[in-house]
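Position 1 is the first residue of the sequence, and the numbers go up from there.
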Amino acid sequence: MLESLVADALSLVPEDPPEDPPEGPARVILGLTGAPAAGKSTLARYLVHAVDERAGAGTAGYLPMDGFHLSNAQLDRLGRRDRKGAPDTFDAHGYLAMVRRLLTETDSPVYVPDYDRRLHEPIAAQHAIGPRTRLVVTEGNYLASDEEPWTGVRGLFAELWYVEAEDRVRERRLRRRQMAGGASVSAAQEWVERSDRPNGELVKGLRDHCTRVVRVSGVPRLGSRDRYSAR
């Protein structure tokens with residue numbers, strides 16, 4: 001299954017452009033969505049790695065929606081920190097603008113943010129999409145949302161895959177994620193029940209908006225601190 005997904009991602013890569021094309025190389029974006037801890041970021045990173053191995057370094061790039069989390073300072077200001085991860089705790093307009101930018105700006109590196117789970121904050125310019133990158137793999141919870149401004153994103157993707165995992169598997173991962181960030185066992189469970197679970201139920205209702213549903217296991221986990229550099 002995993003190798004089939006790599007082949008399908010490779011099939012989306014536009015053909016090599018002629019030397020010095022007047023408007024830069026063609027670029028497409030593959031979206032991955034699904035409930036929290038379904039394995040989206042693990043699969044996205046692996047697809048970027050695998051496409052680069054087969055088509056050449058810098059062919060693929062990575063855009064995580066989590067980089068557009070509002071900072072804790074902004075969440076405190078809005079009184080939303082206890083629901084961090086809900087749709088209105090992201091800079092959705094900023095994410096949409098970045099997707100549009102990546103489809104048109106192919107003559108210089110584009111620096112994109114990520115989220116640091118140790119700091120619990122978004123980090124600017126964590127990855128770079130190079131001028132020669134032809135496939136960008138992006139992932140996030142709400143890419144299939146039917147609420148504005150998220151609805152403007154779906155039409156910009158070449159395809160949108162729904163990454164599915166059993167709820168018990170996801171919630172185990174979510175508890176471990178919270179504890180890895182310093183939460184106690186009880187605090188981790190409380191967070192999952194109060195925040196992650198309702199967010200997951202919302203995302204599960206968007207499944208039919210996607211191009212296809214994928215279920216994978218055993219995806220090699222690349223380092224969470226990997227950088228994707230401009231080429």
If you link ILVMFWY side chains whenever their heavy atoms are less than 4.5 Å apart, which other residues fall into the same cluster as [X]? By chain and number, please.
| X | value |
| --- | --- |
| V169 | none |
| L119 | I123 |
| L174 | V192 |
| V185 | M179 |

A side-chain contact here means heavy atoms from C-beta on lying under 4.5 Å apart; do [X] and [Y] qualify?
| X | Y | answer |
| --- | --- | --- |
| H209 | T33 | no |
| Y115 | H120 | yes |
| E159 | L12 | yes |
| P64 | S41 | no |
| D66 | R117 | yes |
| T133 | T59 | no |
| T106 | P131 | no |
| T211 | Y162 | no |

| Worked verdict on Y46 versus V6 for side-chain contact (heavy atoms from CB on, under 4.5 Å) | CA-CA 9 Å; Y46 181 76; V6 172; 3.8 Å; yes
| Worked check of side-chain contact (heavy atoms from CB on, under 4.5 Å) between L202 and N199 | CA-CA 5 Å; L202 173 61; N199 293 339; 5.6 Å; no
Do you know the tightest heavy-atom contact between [X] and [Y]?
| X | Y | answer |
| --- | --- | --- |
| V28 | A158 | CB-CB, 4.1 Å |
| R134 | A26 | CG-O, 3.4 Å |
| H69 | P122 | O-CG, 3.3 Å |
| W150 | P87 | CZ2-O, 3.9 Å |
| A188 | A183 | N-CB, 4.1 Å |
| D52 | A60 | OD1-N, 2.9 Å |

For [X], which residues count as a side-chain hydrogen bond (donor to acceptor under 3.5 Å, both in side chains) partner, sequence neighbours excluded?
| X | answer |
| --- | --- |
| S4 | none |
| R197 | E171 |
| N72 | K84, E121 |
| R100 | none |

In Å, rounded to the nearest 0.5 Å, how long is the span from [atom1] of [X] to [atom2] of [Y]?
| X | Y | atom1 | atom2 | answer |
| --- | --- | --- | --- | --- |
| Q178 | S195 | CD | OG | 8.0 Å |
| I129 | S108 | CD1 | OG | 12.0 Å |
| L96 | E148 | CG | CD | 9.0 Å |
| D196 | Q189 | CG | CD | 10.0 Å |

If hydrophobic clusters are built from ILVMFWY residues whose side chains come within less than 4.5 Å, do [X] and [Y] share one?
| X | Y | answer |
| --- | --- | --- |
| V48 | L2 | yes |
| L206 | I29 | no |
| L70 | V99 | no |
| F90 | F157 | yes |

| request: List the steps, then state whether side-chain hydrogen bond (donor to acceptor under 3.5 Å, both in side chains) holds for Q74 with R77. | output: CA-CA 5 Å; Q74 293 301 325; R77 181 181 65 84; 2.8 Å; yes
| task | Please answer whether the main-chain N or O of V136 pairs with a side-chain N or O of R27 as donor and acceptor at a distance below 3.5 Å. | result |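 Judged by distance alone, no pair lies under 3.5 Å.
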| message | Using a 3.5 Å distance criterion without hydrogens, assess whether the side chain of R173 forms a donor-acceptor pair with backbone atoms of A37. | response |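 Yes.
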Which donor-acceptor pairs under 3.5 Å do the side chains of residues 137-144 make with protein atoms, sequence neighbours left out?
| residue | atom | partner | partner atom | Å |
| --- | --- | --- | --- | --- |
| T138 | OG1 | L63 | O | 2.6 |
| T138 | OG1 | Y95 | OH | 2.7 |
| E139 | OE2 | Y62 | OH | 2.6 |
| N141 | OD1 | K40 | NZ | 3.0 |
| Y142 | OH | G85 | O | 2.6 |

Going by an N to O cut-off under 4.0 Å, is there a salt bridge joining [X] and [Y]?
| X | Y | answer |
| --- | --- | --- |
| D167 | K204 | yes |
| E164 | R207 | yes |
| R212 | D8 | yes |
| E3 | R54 | yes |

| Test salt bridge (charged side-chain N to carboxylate O under 4.0 Å, His left out) applied to R45 and D114, step by step | CA-CA 12 Å; R45 289 173 182 272; D114 203 341; 3.3 Å; yes
Set of salt bridge (charged side-chain N to carboxylate O under 4.0 Å, His left out) partners for [X], sequence neighbours left out:
| X | result |
| --- | --- |
| E105 | R101 |
| R172 | none |
| R80 | D88 |

| said: Does S145 form a side-chain contact (heavy atoms from CB on, under 4.5 Å) with T151? I'd like the steps, not just the answer. | reply: CA-CA 6 Å; S145 175; T151 51; 5.7 Å; no
| task | Let me see the working for R175 and W191 under side-chain contact (heavy atoms from CB on, under 4.5 Å), right down to the final yes or no. | result | CA-CA 8 Å; R175 288 191 296 271; W191 180 271; over 6 Å; no
